Amino acid sequence: MSYSIAIDGPAGAGKSTIAKIVAKKKGYIYVDTGAMYRAVALYFMEAGIDAKEQEKISTNVQNADVTITYENGEQIVWLNGRNVNGLIRTEEVGKMTSAISVNKDVRKKMVELQQALAKKECVVMDGRDIGTCVLPDANVKIYLTASSHVRAIRRFEELQSKGQECDLETIEKDIIDRDYQDMHREISPLRQAEDAMLLDSSDMTIEQVADAILKLC
Ligand code: DC
């Protein structure tokens with residue numbers, strides 16, 4: 001049986017940074033499930049399908065072939081044979097992703113893909129529904145969070161370091177809106193699994209969070 005570590009939590013809590021460190025230390029594969037949903041969102045944006053057109057989304061999701069491969073430990077997301085890593089990290093795609101990820105057919109397809117991956121390999125998988133839905137029997141489950149203000153500051157600093165113009169208040173508002181949407185959707189909303197360990201990274205360094213998780217493994 002493959003060993004699996006599930007890390008869930010809201011946007012900007014540091015899941016991917018921590019998951020990458022833990023995966024490297026353990027020699028496991030890091031699966032960024034948000035990137036898979038982002039690739040599907042990009043497919044609908046390029047196809048000119050609106051997030052409100054749920055029926056169209058349900059029928060067309062079968063045309064979005066999403067696969068992932070690894071190059072030097074880095075996850076590459078392929079959308080219909082095209083490497084889309086460089087296109088899926090924008091705020092626009094992030095918002096669309098949160099909106100289309102409410103769709104049950106999108107979720108079904110993604111969950112099946114993610115479960116197949118975890119069956120083959122030892123994984124550190126991060127997302128919103130990993131401990132509750134994708135890998136309910138994960139060996140270690142973490143719910144990683146931080147205050148919306150701390151998460152907004154982190155995002156602000158990240159954008160500033162890339163030379164992108166941004167406004168802290170707008171970022172915090174977007175984070176709060178996204179949390180609400182992810183936590184209140186009907187199918188597999190973001191929530192802490194009963195058997196997940198809660199880690200609030202607001203006052204913790206990256207190393208402290210990674211060490212806390214590694215101690216559990
Ligand atoms: O982690 P992220 O910011 O890349 O995720 C983008 C969106 O994808 C997030 O707002 C909700 C959705 N998502 C999801 O519904 N389930 C997952 N397992 C991962 C992401």
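Note that the structure is predicted; figures quoted are calculated from it, not measured. Just follow the structure's listing: the first ligand is 1, and inside any ligand the first atom is 1.
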For [atom], what's the nearest protein heavy-atom neighbour? Residue, atom name and distance, please.
atom: atom 19 (C) of ligand 1; value: T33 OG1, 3.4 Å
atom: atom 16 (N) of ligand 1; value: R107 NH2, 3.0 Å
atom: atom 12 (C) of ligand 1; value: S101 OG, 3.6 Å
atom: atom 20 (C) of ligand 1; value: G34 CA, 3.6 Å

Q: Any atoms of ligand 1 less than 4.0 Å from a non-hydrogen atom of S98? List them with their elements.
A: 10 (O)
(Q) Nearest 0.5 angstrom please: I29 CD1 to C122 SG, how far? (A) 9.0 Å
Q: Mind checking the CZ-CD spacing from R82 to E46? Nearest 0.5 Å is all I need.
A: 4.0 Å
[X], any N or O under 3.5 Å of ligand 1 N or O:
X: R128; value: yes
X: R185; value: yes
X: R38; value: yes
X: T97; value: no
X: D32; value: no

Relative to ligand 1, is [X] under 4.0 angstrom through side chain, backbone, both or neither, heavy atoms considered?
X: A11; answer: neither
X: Q181; answer: neither
X: R178; answer: side chain

Q | Residue-ligand contact M36/ligand 1, heavy atom below 4.0 Å | A | no
Would you tabulate the side-chain donor-acceptor contacts of residues 134-143 under 3.5 Å, counting partners in other chains and residues two or more places apart, or write 'none'?
| unit_1 | atom_1 | unit_2 | atom_2 | d |
| --- | --- | --- | --- | --- |
| N139 | OD1 | S4 | N | 2.9 |
| K141 | NZ | G131 | O | 2.9 |
| K141 | NZ | P136 | O | 2.7 |
| K141 | NZ | D195 | OD1 | 3.1 |
| K141 | NZ | D195 | OD2 | 3.2 |

Judged by modelled atom types alone, do [X] and [Y] share a side-chain donor-acceptor pair under 3.5 Å?
X: S148; Y: D179; answer: no
X: T97; Y: R178; answer: no
X: S98; Y: D182; answer: yes

**Q.** Sequence neighbours excluded - side chain to side chain donor-acceptor pair (under 3.5 Å) pairs with any residue from residues 29-41
**A.** Y30-D126, D32-R89, Y37-R107
Q: Would you check if the side chain of N72 reaches a backbone N or O of E74 as a donor-acceptor pair within less than 3.5 Å?
A: no
Q) Do L190 and I100 belong to the same hydrophobic cluster, where Ile, Leu, Val, Met, Phe, Trp and Tyr are linked whenever their side-chain heavy atoms lie under 4.5 Å apart, directly or via other members? A) no
